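Following: one structure in structure tokens, then a few remarks.
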Amino acid sequence: MATHFTALEREQLSAWLQMKISKAEIARRLGRDESTIFRELKRNSARRCYGHRPSYSAMAAQQLSDQRKHPRRTRKLERPEIRRYVEQHLKMYWSPDQISGRLQHDFADQPRLRVSPQAIYQWLRHHDHARQLCPFLRRFRVKIKMRSSRPAAAAIANRPPIIERRERVGDWEGDTIVGVRRSGAVVSLVERKTGYAVLAKVDRLCSDPVEKVIRRRLRLLPKSCRHSITFDNGGEFAQHHRLTKALGLEVYFARPRCPWQRGINENTNGLVRQFLPKGSCFRDLHHTAVARIQSSLNERPRKRLGYLTPKEALANASHAILS
């Protein structure tokens, strides 16, 4: 599913356009389709006088985008008579569907006083009074948008070229493999150059246990083998700053719904799923079983390593660095 451009992406797009970088290369760096770049330029470039090409500015593009985000669906609920009617009947434990249907019955000759169930839900979700009305609904929950603690520098677009080219050992990718009904998870870390995998089970898919097990496992490796790590966007990696402080790791995050930006990790997860198929319960999964899976993966020869195993490739690279 396509997502809207963020302010940071618009700043990067504007800067790269000024540097005369091609649209195809910009699309690759942003992890977007090339047609998406052209659509953004068409919709949000500032129009100039006749005979001049439209110019693209990040600030102007963001303003144009914001201007389109009118809350059309909830405007009717700004009318006092509709708002009073909705609030009164919500407090009587009526559902939005019942309220909407009854509005059509009570105001059959006044179409302007009708409102859809979806509009009522949107109104509840995006307005401050929602909390006091939520207890009157059976299953409604207000979705609170948490401010991201991830600095802009952690975006994958800011990852140094040396990581992209896999020229050194010590750049990792991280993800979690989750058991059915969240019955535990396996933290999956893969070194980009050698394909060496580190697997560890956690009983709870929360940021604290995930951060602790990553820190504990990567600390066993030489410092020369831990430069950076790229995670997916799961909330279980919210304590990434602790890894930076404890291990000196540079932390980056792939774009949402862009698994190819952590392709090696995704491929390794597929190999792990041979042992732990989807639908498996991890509640009784023992740490020794996870260790056996890790050994199996790291002791398989790989074609791209000249048929060395990841374990051998990492050992050779570590020896070369330390010698």
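In this text the structure is predicted, and so the values were computed from the model without any measurement.
- Residues Val290 and Leu189 do not share a hydrophobic cluster, clusters being chains of Ile/Leu/Val/Met/Phe/Trp/Tyr side chains in contact below 4.5 Å.
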Please determine whether salt bridge (Lys or Arg N to Asp or Glu O under 4.0 Å) holds for the pair Glu299 and Lys311, giving the CA-CA distance in whole Å, both sets of side-chain angles, and the decisive distance to 0.1 Å. CA-CA 6 Å; Glu299 293 171 8; Lys311 184 177 180 179; 3.8 Å; yes
After noting the C-alpha distance and the side-chain angles of Arg159 and Glu250, does the key distance pass the salt bridge (Lys or Arg N to Asp or Glu O under 4.0 Å) rule? CA-CA 9 Å; Arg159 205 165 64 172; Glu250 298 174 8; over 6 Å; no
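- Hydrophobic clustering, with ILVMFWY side chains joined whenever heavy atoms are under 4.5 angstrom apart, keeps Tyr196 apart from Tyr307.
- Remark: the backbone N or O of Arg255 is paired with a side-chain donor or acceptor of Gln261 at under 3.5 angstrom.
- When the side chains of ILVMFWY residues are joined at heavy-atom separations under 4.5 Å, either directly or via intervening members, Phe231 and Leu249 end up in a single hydrophobic cluster.
- There is a side-chain donor-acceptor pair under 3.5 Å between Asn265 and Ser188.
- Heavy atoms only, all atoms of each residue included: Gly235 and Ser207 are closest at O-CB, 3.8 Å.
- Residues Phe237 and Val251 are not in side-chain contact: their nearest non-hydrogen atoms beyond the backbone lie 4.5 Å or more apart.
- More than 12 heavy-atom neighbours from other residues, nucleotides or ligands sit within 6.0 angstrom of CZ on Arg304.
- No donor-acceptor pair closer than 3.5 Å links the side chain of Ser100 to the backbone N or O of Pro96.
- Counting non-hydrogen atoms of neighbouring residues, nucleotides and ligands closer than 6.0 angstrom, the CZ atom of Arg204 reaches no more than 12 such neighbours.
- In this structure a side-chain-to-backbone donor-acceptor pair under 3.5 Å is present from Glu191 to Thr194.
- Partner of Leu276 under the side chain to side chain contact (heavy atoms under 4.5 Å, CB included) criterion, out of Ile293, Ile177, Leu199: Ile293 alone.
- With hydrogens and angles disregarded, no donor-acceptor distance shorter than 3.5 Å links the side chain of Asp232 to the backbone of Asp175.
- A distance-only check finds no donor-acceptor pair linking the side chain of Ser14 to the backbone of Arg10 [under 3.5 Å].
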Tell me, with the steps shown, if Lys91 and Glu87 meet salt bridge (Lys or Arg N to Asp or Glu O under 4.0 Å). CA-CA 6 Å; Lys91 291 176 182 177; Glu87 288 183 344; 5.3 Å; no
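- Tracing side-chain contacts under 4.5 Å through hydrophobic residues (I, L, V, M, F, W, Y), one never reaches Leu205 starting from Leu285; they form parts of separate clusters.
- Linking ILVMFWY side-chain heavy atoms closer than 4.5 Å, directly or via other members, places Ile21 and Tyr56 in a single hydrophobic cluster.
- Side chain to side chain, Ser35 and Asp33 meet the donor-acceptor criterion of an N or O pair below 3.5 Å.
- Figure legend: cation-pi geometry between Arg192 and Trp172 absent, as NZ or CZ is not positioned both under 6.0 Å from the six-membered ring centre and within 45° of its axis.
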